[in-house]
Amino acid sequence: MRIRYKILTGYALIMLLFFAMIFLSLEQGKRSLLTSATQNSAMIADSILMKTAHNIQKRLDEFSWYGLDSDLQQALLVSNTHFAALADHDRYIAERDEEWRQTPLQTSTPLMTEITTSALSHDLRRKFFTFFELNYGYLGFSEIFVTNSYGVNIAQTNRTSDYLQADEEWWQRARKDGQYLGGVEYDESSGIQGLTIAVRLDDHNGDFLGVIKGVLPLQSLIRTAEIVTREYQTTEIQMITDAGILLYSSKVAQLGKNIAAEPYFLKIKEDSGYFIDQNSSGRSRLFTYIRSEGLLNSKQLNWIVMISHDPEEILTHSILFEKKILLGGIAAILLATIIAFYTARIIANPLTRLKQAAASIANGNLECQIKQASRDEIGDLAQTFNDMAVSLSESYQKMHLEIEERKKAETALAVHAQELAVIGDDLARRNSELDEFTYVASHDLQEPLRKLTSFSGLLVKDAGDALPENARKDLNFIIDAATRMQALIQDLLALSRSGRKEMTNLPISLDLCVDDALYALAVRIEEIDAVIRRDSLPQVIGDKTMLTQLYQNLIGNALKFTGEQRPLIHLSAEIHGEKVVLGVRDNGIGIKAEYCDRIFLPFKRLHGMAEYPGSGIGLAICRKVVERHGSEILVESEPGQGTLFSFTLTRAS
């Protein structure tokens, strides 16, 4: 076969193979786009279920915390004592319950008025109704009421349908199991679709006092779990019960509608998956779904989150690109055929010389040159080839020079590395000596101060009334100054020990550390009626004693620097892979931005001793503890807006 035909055939085969690979890649890209869309949708659906479960668990935890309220426990104790003193409390309850149920909704009996207007009922509205409306802008609960150990109402946010609740399943389950979580149902008392939760209330001895029940509005519950995606305009998010009842839709839809007969709903077989089917409007849709395994171990909440897209919208750019590639491919093949025909006529003879010269250069002969036989493009190609050979020879020489220079640089770097290692060892030794000096000096200073305080006190006692008033005042100043000096030395010793103490990097529970810290600060917490909230804290790698001291110092600071409002402290935890970001946030007086770095220095105080007592060592110890755990403590604050201290630890696997 003549060379021109070989070139033509080769060009055609190469172009066909090239475009075949492009189309295969496009098809693979389409499948990847659909797979990526389903994976992203699955993550969004899983996040919705997790946020919904988290919100429900938060409400249960809030009830459990509220169950420790002293006013609530006192009210339950008084009510239970009253009913225990009745000669026939069952008859009394039955009569009141009958009267309650027979009373029209628009009418209120004295007993109803007494219960709904009690101080405890007002407290329920304030803490669970007003708080949610002011802080979140929606109603967190539609109804809350409290029953005593006999199962009758003693406080409620609005009128219930019955006076006696002990015969209800939620009451009996909450008393037995500690908590109750119901399914989605219509609540007669509040008149809405909601989720019933209930928590058992015990006194400090663990004796049963009663039950608190709340109804979570379905709309507000799901509203907090919405995830808005703008990637595709046709995206629709639905939350459906296992029976096919539509609880939520990001598009306009009839909530409460039964879609169990829809073909796409019938394809939901597994716990998760995806498929392409037609929706109720007859349009093709890509459906991705995840079924919860019963939120919070309650099989009644076996909900399904389904996210669907229009496949054509996902593949729009890929389809357009495929059409452009097809048209461009046809044009390119025609152009390549023409070019190949003319190229074959002029390159047949010089081709052999070019091949031989290329082989010579490949064998290491960089001095090889091609004789120019013509002044046309082939001649230019030969000249270019010769220039390339010269350039390769020069590059080869430069490469050898660079290798030599790099070896010299590596030798110099090795010398510098050794010098830096010596400097680092010397610095570590000096730091160790400085810590040892601080510890010994602080320890030795305590004995003279103790003698100064002791003998000054003995002098005041022995001299009695014979000591002049001015001298007595001066001695009292000496005793006070020596006492404060001892406190400063004790704090300085604590700071020194935090840097010298051997660490035990073991898996520990942060919950235990926080419990110990709160126990140590219990008196102060009770004195100022502080509210402590905390997220679920994981296990981490670290030293339990140091981390307990860290939390005790940070919470103690929050309890000290409070504002006019009721102190509120939140202990947060955000997990990021193997790391967890931990925070201690308060609503206190805050810190000016220019002082945020200064507060971690020893003995640096922003306030006088008369305003806020202390030595200024606590935050310095906190920084040293965090740094010894391989992290950094950060602070975010505004005056009057509270303060957030945060640090990062490694999770225990």
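In what follows, every heavy atom counts, from backbone to side chain, and hydrogens, waters and symmetry copies are set aside.
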Worksheet item: Under 6.0 Å between the ring centres of Phe63 and Phe141?
Response: yes

Worksheet item: Less than 4.0 Å between a side-chain N and a carboxylate O, is that true for Asp61 and Arg533?
Response: no

Item to complete: Look at Asp586 together with Lys560 and state whether they make a salt bridge at an N to O cut-off of under 4.0 Å.
Response: no

Worksheet entry | Between Asn153 and Thr160, a side-chain donor and acceptor under 3.5 Å | yes

Worksheet entry | Within the 6.0 Å centroid threshold, strictly below: Tyr66 and Phe128 | yes

Worksheet, complete the sentence: So the side-chain hydrogen bond (donor to acceptor under 3.5 Å, both in side chains) pairs with at least one residue in residues 573-585 (sequence neighbours excluded) are Lys579-Thr650

Worksheet item: Salt-bridged, Asp162 to Arg101, with N to O below 4.0 Å?
Response: yes

Practice prompt. Check whether the side chains of Ser121 and Ser118 place a donor and an acceptor atom closer than 3.5 Å, and report yes or no.
Written response: yes

Worksheet item: Any ion pair linking Arg566 and Asp529 (charged N to carboxylate O, less than 4.0 Å)?
Response: yes

Practice prompt. Would you please indicate yes or no on a ring centroid separation below 6.0 angstrom for Tyr150 and Trp171?
Written response: no

Worksheet entry | Derivation and outcome, side-chain contact (heavy atoms from CB on, under 4.5 Å), residues Leu201 and Val211 | CA-CA 5 Å; Leu201 304 175; Val211 175; 5.7 Å; no

Worksheet item: Under 4.5 Å between any side-chain heavy atoms of Ile268 and Arg291, yes or no?
Response: yes

Fill in: side chain to side chain contact (heavy atoms under 4.5 Å, CB included) partner of Phe647, chosen from Val581, Leu554, Val580
Leu554

Fill in: Distance, nearest 0.5 Å, that separates OH of Tyr289 from CG of Asp271
8.0 Å

Discussion item. For Phe129, does the six-membered ring have the charged nitrogen or CZ of Arg126 within the cation-pi criterion, i.e. under 6.0 angstrom from the centroid and within 45° of the normal?
Written reply: no

Discussion item. Please determine whether a side-chain nitrogen of the Lys or Arg among Asp177 and Arg200 lies less than 4.0 Å from a carboxylate oxygen of the Asp or Glu.
Written reply: no

